[in-house]
Amino acid sequence: MAMYGADALEVLKELSTATRLPVYRAKSVSKAVDEVIHLHAEVLAILRERPEAARNDASVTASVIFHHAALLRNKRIMLAYHYHRMQYLQNLRWEVGAILPPDVREATSALETGFFSAYDRLLGDYMTEVDLNLTEDLTPPKDLFIEVRVVQDAGTIITEAGDELTLTRNSTHYLRRSDVEHLIRQGVVEHIVH
Amino acid sequence: MALSSSQSSWGLKGHSGAAVQNNDIEALKQAWLNEKFSPHVLIFEDALVARVSEDVKEQEDVVAGELDDGATFMTRLKQLELERVKYLLRSYYRTRLRKIEKFCMYILKNPVVRTRLSPAELEYTQRYVDLMAEHLNESFLNGLPEKLRDLTTQDAEDDMIPAPNFDTHVFCKVVDTIGTFQLDQDSSVDLEEGELYLLPFKPIRDLLLDQSIILI
């Protein structure tokens, strides 16, 4: 082991520099957990076998403190790692909607996928409670209607006014912004700016 | 607001006049701005939010009726104005949720802050904390030695709970003259009505809660 916490730090760095969500590093996580268990056992062993030295001998005291600091650092890095991935998934729920894009789905652990669904339910329940879809209007509205071009076939949608509309590729439409805002964020249609 | 003249033509039934409507919108806008610039969650404006939500519903019905008769230019203006009000409402809820998620554990452990949340928000906070804790526990904390599993404590009690940063400064405008106000032991400031100040948040947070100042 080159340095305590090295593995854990590596996955956190990978996460902080990535532009898309990197694959969940289950192996590194369990390695970090093993390391904490190992360090913890070391600390306990020293305290049990040489309690006097741990208190009076500076080098032994330093060893205890060092091991303890290393294991706490491992834990903090792991907390940061998981927490930031959770934040990423939460933001996706706001920006893209209730369904994970395929590349993100592949990058998440089973637990993370579960977290995403649970967060979706939580937010859904709250939005029902306040009777307003809060994920609309992420930016202040400027125009009531906008012109959009369909980038990929998206079947039929029903507009707020109750009209049916079939979105075929390359067709353009002049629609209520609120009807297509989520489709723009998903990349299904694009906003035509003149 | 550019469309304020169209607001006065909303002609709300059951209200004492358009002026009331305008005040509510203005008040909501200010509550939203305060919320945006304040580092911690403020008191939920439940009566105000309820009134505005009800007005929005009412106006949506009116607009829908007018659309059935054929859309006029005035109808479009009303629709746009409605969208703007709805943006305010949504953004107000959202801004609060962001802070609630960020400081969820701090909020739950602090009885005074809890009372500032609406019942729905409080439930959200509780469920969110549970969800987060469950995820972290199952992902790796449960694998750690028992003494190290705690989510909120490292060395001292609850030292890993993210709390709002009160040591920040905010721009504010004084609504009612307050006079000499003690910022800390060494410095004080004269707060005059209508004047703008850049002040440390900590000493003035109570002024914000009783609305003698607003954030800008």
Side-chain angles (χ1 to χ4, degrees), chain A residues 24 26 29-30 32-34 36-37 39-41 43-44 68 71-72 74-76 78-79 81-83 85-87 89-90 94 109-112 114-116 118-119 121-123 125-145 160-162 176-178, chain B residues 49 53 56-57 60 64 67-68 71 75-94 96-98 100-102 118-121 123-128 130-132 134-151 154-155 160 162:
Chain A
Y24 182 76
V29 172
S30 69
V33 169
D34 287 346
V36 171
I37 293 171
L39 287 163
H40 188 241
V43 172
L44 288 185
H68 189 64
L71 72 84
L72 288 183
N74 251 322
K75 179 182 166 186
R76 273 203 312 275
M78 278 298 113
L79 281 174
Y81 179 65
H82 287 89
Y83 184 73
R85 292 180 64 95
M86 281 153 84
Q87 296 295 311
L89 293 173
Q90 280 170 226
W94 284 90
S109 70
L111 282 172
E112 284 176 325
F115 170 78
F116 182 80
Y119 184 74
R121 278 195 301 278
L122 173 61
L123 188 59
D125 287 351
Y126 181 71
M127 293 197 295
T128 310
E129 187 71 36
V130 300
D131 199 12
L132 207 56
N133 180 359
L134 300 180
T135 65
E136 271 178 41
D137 280 342
L138 290 182
T139 49
K142 282 213 181 80
D143 304 302
L144 204 49
F145 287 84
E160 210 177 287
R176 280 289 293 268
R177 191 186 42 80
S178 53
Chain B
V49 167
S53 305
V56 164
K57 291 238 150 54
E60 275 178 333
L67 281 177
D68 284 344
T75 317
R76 292 294 180 218
L77 278 186
K78 281 186 196 167
Q79 253 184 321
L80 188 57
E81 191 58 39
L82 257 177
E83 290 296 313
R84 290 187 173 148
V85 176
K86 277 162 86 175
Y87 171 76
L88 270 187
L89 268 181
R90 287 189 175 117
S91 188
Y92 178 68
Y93 282 124
R94 271 201 298 266
R96 293 178 61 83
L97 270 198
R98 285 274 143 91
I100 287 172
E101 286 182 354
K102 205 163 168 193
S118 74
E121 284 173 335
E123 196 200 320
Y124 186 94
T125 320
Q126 185 65 59
R127 277 177 65 185
Y128 182 73
D130 292 346
L131 185 61
M132 195 167 74
E134 188 189 313
H135 179 67
L136 291 171
N137 285 337
E138 288 180 13
S139 287
F140 78 103
L141 283 176
N142 284 347
L144 299 184
E146 221 174 318
K147 274 193 172 166
L148 298 168
R149 283 182 203 165
D150 202 301
L151 190 56
Q154 179 166 302
D155 299 320
M160 283 207 297

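Letters A, B, ... mirror the listed sequences (proteins, then strands); counts begin at 1.
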Flag the one option from [options] with the top tally of heavy-atom pairs under 4.5 Å to chain B.
| options | result |
| --- | --- |
| L111(A), L122(A), V36(A) | L122(A) |
| T135(A), L79(A), L123(A) | L79(A) |
| Y126(A), F145(A), F115(A) | Y126(A) |

At a heavy-atom separation under 4.5 Å, does [X] approach chain B through its side chain, its backbone, both, or neither?
| X | answer |
| --- | --- |
| L71(A) | side chain |
| M86(A) | side chain |
| V33(A) | both |
| Y119(A) | both |
| Q90(A) | side chain |

In terms of side-chain heavy atoms, does Y83(A) have a donor or acceptor partner in Q87(A) at a distance below 3.5 Å?
yes
Is there a donor-acceptor pair closer than 3.5 Å between any side-chain N or O of R90(B) and the backbone N or O of L132(A)?
no
Rounded distance (nearest 0.5 Å) linking atom NZ of K75(A) with atom CG of L39(A):
14.0 Å
Charged N to carboxylate O under 4.0 angstrom, R177(A) versus E83(B)?
yes
Interface moiety of [X] toward chain A, non-hydrogen atoms closer than 4.5 Å:
| X | result |
| --- | --- |
| R149(B) | backbone |
| L136(B) | side chain |
| L97(B) | side chain |
| S91(B) | neither |

According to salt bridge (Lys or Arg N to Asp or Glu O under 4.0 Å), who are the partners of K57(B), at least two apart in sequence or on a separate chain?
D131(A)
What residues form a side-chain contact (heavy atoms from CB on, under 4.5 Å) with E134(B), not counting sequence neighbours?
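If we apply the side-chain contact (heavy atoms from CB on, under 4.5 Å) test to E134(B), skipping adjacent residues, the hits are E138(B).
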Over-ring placement of R94(B) relative to W94(A), 6.0 Å and 45° cut-offs
no
Aromatic centroids of F116(A) and H135(B) separated by under 6.0 Å:
no
